[in-house]
Amino acid sequence: RGSGLVLLGTWAQQGTQPQSIKIEGDITLGGLFPVHSRGPAGVPCGEVKREKGIHRLEAMLYALDQINSDPDLLPNITLGARILDTCSRDTYALEQSLTFVQALIQKDNSDVRCSNGEPPIIPKPERVVGVIGASGSSVSIMVANVLRLFSIPQISYASTAPELSDNSRYEFFSRVVPPDSYQAQAMVDIVKAMGWNYVSTLASEGNYGESGVDAFLQISREAGGLCIAQSIKIPREPRPGEFEKIIKRLMETSNARGVIIFANEDDIKRVLQTAKKANLTGHFLFVGSDSWGAKNSPIQDLEDVAEGAVTILPKRASIDGFDQYFTSRSLENNRRNIWFAEFWEDDFKCKLTRPGIKYELGRRKCTGEERISQNSQYEQEGKVQFVIDAVYAMAHALHSMHIDLCPGYMGVCEKMDPVEGRMLLQYIRSVNFNGSAGTGVMFNENGDAPGRYDIFQYQLSNVSNPGYRLIGQWTNHLRLNSEEMQWSGGDRKIPESVCSFPCESGERKKMVKGVPCCWHCELCDGYQYLLDEFSCDMCPFDMRPLENRTGCRPTPIIKLEWSSPWAIIPVFLAILGILATSGVIITFIRFNDTPIVRASGRELSYVLLTGIFLIYLITFLMIAEPSTAVCAFRRLLLGLGMSISYSAMLTKTNRIYRIFEQGKKSVTPPKFISPTSQLIITFILISVQVLAVFIWFGVMPPHTIIDYEEQKPPNPEFARGVLKCDMSDLSLILCLSYSIVLMITCTVYAIKSRGVPETFNEAKPIGFTMYTTCIVWLAFVPIFFGTAQSTEKMFIQTTTLTVSMSLSATVSLGMLYIPKVYVIIFHPEQNVQKRKRSFKAVITVKEMKLGLCFHHCHKPTLRQLM
């Protein structure tokens with residue numbers, strides 16, 4: 001069967017490039033391979049592609065050899081081939097593929113005659129029953145549209161565009177590689193597994209690149225949590241400076257370091273070159289599709305830029321049989337591949353002497369003795385397995401068709417001559433066999449192969465053999481070994497490609513409109529805590545936020561402590577006052593019947609001293625820890641001590657005033673000036689305060705409260721709840737208001753009684769007492785209410801109130817009783833009985849003075865009456 005292989009090469013019209021390979025056989029298969037790269041403007045073909053072109057083409061030749069030598073597969077039938085070069089350009093491939101349909105185009109030759117008048121003998125072109133290829137999706141789509149018109153089945157080994165899964169438009173198209181929709185899903189899973197949420201996409205113009213990116217975008221939208229910073233298309237014919245513009249656009253969103261790239265080899269290489277030129281080595285983190293795969297050609301001399309690139313490739317295995325076959329190829333034994341000489345020159349960096357080709361100076365001459373993998377680098381191209389599987393799929397379909405249509409027939413029977421394309425398609429879609437790598441080869445109703453991918457990373461640093469390393473697999477779900485990944489400089493930590501970094505603890509996300517992966521972080525300020533990642537909420541009134549603002553904690557409760565400076569001064573004054581008051585009371589009791597004590601009005605003095613004592617005592621109640629009992633005593637004693645003191649003083653000044661006012665009019669003494677009457681008047685005045693307090697008890701029973709507003713500064717760390725009695729500033733003033741009224745009234749009487757004789761020695765001290773007390777309380781009011789907004793309001797107001805009350809009591813004690821005690825203790829000789837004068841005698845003295853003064857004074861004054 002091998003003797004049936006005949007080389008019929010023709011040369012291309014452009015330059016000296018051959019156009020196709022023709023291998024004779026009983027059944028002819030077409031082949032489309034990108035043997036050359038795309039040429040510059042105006043030239044269809046460029047340099048030879050060693051891996052993507054020659055390796056794949058040789059894989060088809062190898063598969064044909066294997067099938068033709070297999071006695072169990074298509075026995076006695078030889079498969080031939082017509083193989084064309086697409087030059088990586090869809091329009092050129094379309095022109096070339098018309099060769100496949102020449103036999104199916106009916107030509108009218110009736111008007112053609114030879115010179116002798118006989119009709120011409122025109123050789124019938126071979127009939128292609130199926131096509132293997134093409135490589136690029138855009139090429140496959142262009143060719144599929146033509147082959148569909150002539151019902152020629154097509155099996156691609158590399159085209160992965162999702163568009164080709166549309167069975168209504170590409171019904172004769174099948175592929176042994178999974179579509180990009182699977183690939184896009186795998187790439188989305190990879191991006192998410194690396195924690196990226198902000199990436200850019202790059203696509204070569206054409207079906208492969210654009211549909212691949214479209215699938216990636218659609219799947220990422222459906223999955224959520226992934227945003228696209230830039231989606232850039234590389235033109236089919238890039239203008240000068242185009243790639244510089246692309247890199248500049250990518251840098252506009254520099255946080256999106258991840259770049260998803262669906263592009264052909266040439267575009268990948270130029271992107272890497274431009275990134276290196278822009279000093280951006282290590283910045284971009286590429287995730288490449290299967291067009292990059294594990295190829296060395298796109299990253300040659302650009303390894304540092306490509307370091308860390310994660311690429312995806314349909315699951316494959318290296319075919320040992322092909323390695324043995326290919327490394328044994330030479331110029332002598334491989335004359336059927338008309339492009340092999342070009343490959344030889346490129347692979348060994350030498351030059352063959354060929355007719356019509358000028359020898360290039362400075363380049364060594366090929367000897368023909370060079371050997372692949374010995375004198376040059378060799379690594380099997382990634383799609384070799386799929387080329388072999390595509391050829392075998394066609395062969396298995398033809399084999400099944402032959403069994404059904406030509407049972408027991410040796411060779412091609414009439415029913416298979418010609419092979420009916422639509423029927424062959426049904427057999428192709430029904431194949432199910434183990435491929436060259438041992439994995440199952442089958443097709444679904446759309447002609448797609450199942451999705452099985454290997455995931456690679458290009459590693460350069462800290463490895464003995466720089467290159468692509470297998471780091472995971474994808475078969476409907478991702479298995480990624482992140483421990484084996486490494487990045488630029490050998491760093492093991494996965495770099496970040498995010499629009500916005502996670503917010504700090506206690507910060508909420510303020511989303512950027514239209515970009516769900518981008519946000520600004522705003523601190524939950526004041527008394528707010530982080531309710532969820534997008535919103536803050538106020539803590540309950542009795543709580544404050546945690547330090548990290550992830551929740552709330554109870555606000556600490558405080559009270560005025562005995563050790564506080566705000567308490568020490570009032571307590572010290574109160575203790576001194578209590579000791580002094582106790583000393584006065586003891587002295588008065590000890591010398592109860594002495595003239596000074598009796599003259600000061602013992603009964604009212606003891607009442608007044610009791611009031612002063614209670615005023616000092618209230619300091620301890622104001623500082624004590626609030627409780628129901630303490631609050632009750634505060635209400636009762638706060639105004640009681642002052643009302644007792646001022647009631648007694650008011651009764652005294654009123655008595656003096658009434659005595660001397662009465663003396664001006666008559667010698668009859670006024671009523672209610674006896675000690676008993678004075679006590680009754682005093683207790684009636686005091687009872688008003690007591691009655692008001694008990695009414696207050698009934699209306700609003702005393703209780704404690706915790707005031708969380710009093711000490712609530714902007715910084716919640718200093719927030720405190722204040723344990724206090726339920727006495728507002730207003731209720732406190734109302735509690736003291738009656739005492740203030742008594743104090744003011746007493747002051748008025750003191751002013752009116754300022755002219756009494758010196759023998760009535762209590763009038764003036766009471767006057768001075770009331771004047772000083774008024775000054776103290778006038779100072780108290782602005783201090784008390786001026787601190788209402790202070791964070792230490794309770795401490796300041798408590799201290800101010802207690803100190804003011806202690807000062808008032810001290811003034812009363814000092815003015816009225818300290819001089820008397822001084823005389824009693826240190827000058828007892830003055831504490832003796834003087835001659836008593838009756839009220840009538842006092843009036844008589846006044847009248848005598850008035851008479852004596854009548855001749856010398858125009859108008860007597862009250863002082864002259866004294």
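Keep in mind that what you see is a predicted model, and the values were worked out from it rather than measured. For reference, positions follow the sequence shown, starting with 1.
- With no hydrogens or angles considered, a side-chain donor-acceptor pair links D448 and S165 at under 3.5 Å.
- Considering only residues two or more places apart in sequence or on other chains, S156 meets the side chain to side chain contact (heavy atoms under 4.5 Å, CB included) condition with S140, S159, F173, R175.
- The 12-atom threshold is exceeded at CD of E222, counting heavy atoms of other residues, nucleotides or ligands nearer than 6.0 Å.
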Evaluation steps, side-chain contact (heavy atoms from CB on, under 4.5 Å), between M416 and V419: CA-CA 5 Å; M416 288 185 66; V419 173; 4.3 Å; yes
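- For the pair R169 and E163, the salt-bridge criterion is met [side-chain N within less than 4.0 Å of a carboxylate O].
- Taking every heavy atom of both residues into account, I338 and S20 meet most closely at CD1-O, 2.8 Å.
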S289 vs Y208, side-chain hydrogen bond (donor to acceptor under 3.5 Å, both in side chains): CA-CA, chis, key distance, verdict: CA-CA 10 Å; S289 64; Y208 171 77; 2.6 Å; yes
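- Annotation: F172 is not in aromatic contact with F150 [ring centroid separation under 6.0 Å not met].
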Salt bridge (Lys or Arg N to Asp or Glu O under 4.0 Å) evaluation trace for E237 with R89: CA-CA 11 Å; E237 302 289 346; R89 191 187 297 270; 2.8 Å; yes
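- Under 3.5 Å, the side chains of S291 and N264 contain no donor-acceptor pair of N or O atoms.
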Full working for ring pair (Phe, Tyr, Trp, His ring centres under 6.0 Å) between Y378 and H55: CA-CA 10 Å; Y378 167 74; H55 281 209; 5.4 Å; yes
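- Residue pairs meeting the disulfide bond (SG atoms under 2.5 Å apart) criterion with at least one partner in residues 126-233, sequence neighbours excluded, are C227-C517.
- Under the 30°/60° scheme for interplanar angles, the aromatic rings of Y468 and F456 are found to stand perpendicular.
- Residues R56 and S135 bring a donor and an acceptor atom of their side chains to less than 3.5 Å of each other.
- Residues satisfying the side chain to side chain contact (heavy atoms under 4.5 Å, CB included) criterion with E95, sequence neighbours excluded, are Y92.
- A donor atom on one side chain and an acceptor atom on the other are not found under 3.5 Å apart for Y392 and Q66.
- Below 30°, between 30° and 60°, or above 60°: for F322 and F326 the angle between ring planes is below 30°, a parallel geometry.
- By the 4.5 Å heavy-atom criterion applied to side chains, I299 and W292 are counted as neighbours.
- Each of R38, H36, K49 was evaluated against S88; a single residue qualifies, K49, per the side chain to side chain donor-acceptor pair (under 3.5 Å) test.
- For R469, the salt bridge (charged side-chain N to carboxylate O under 4.0 Å, His left out) partners are E484, not counting sequence neighbours.
- Between the side chains of E445 and N167, no donor N or O sits under 3.5 Å from an acceptor N or O.
- With no hydrogens or angles considered, a side-chain donor-acceptor pair links Q185 and D189 at under 3.5 Å.
- Sorted by first and then second residue, the disulfide bond (SG atoms under 2.5 Å apart) pairs with a member in residues 144-184 form an empty list; sequence neighbours excluded.
- Sorted by first and then second residue, the pairs that involve residues 418-441 and meet salt bridge (Lys or Arg N to Asp or Glu O under 4.0 Å), not counting sequence neighbours, are E171-R422.
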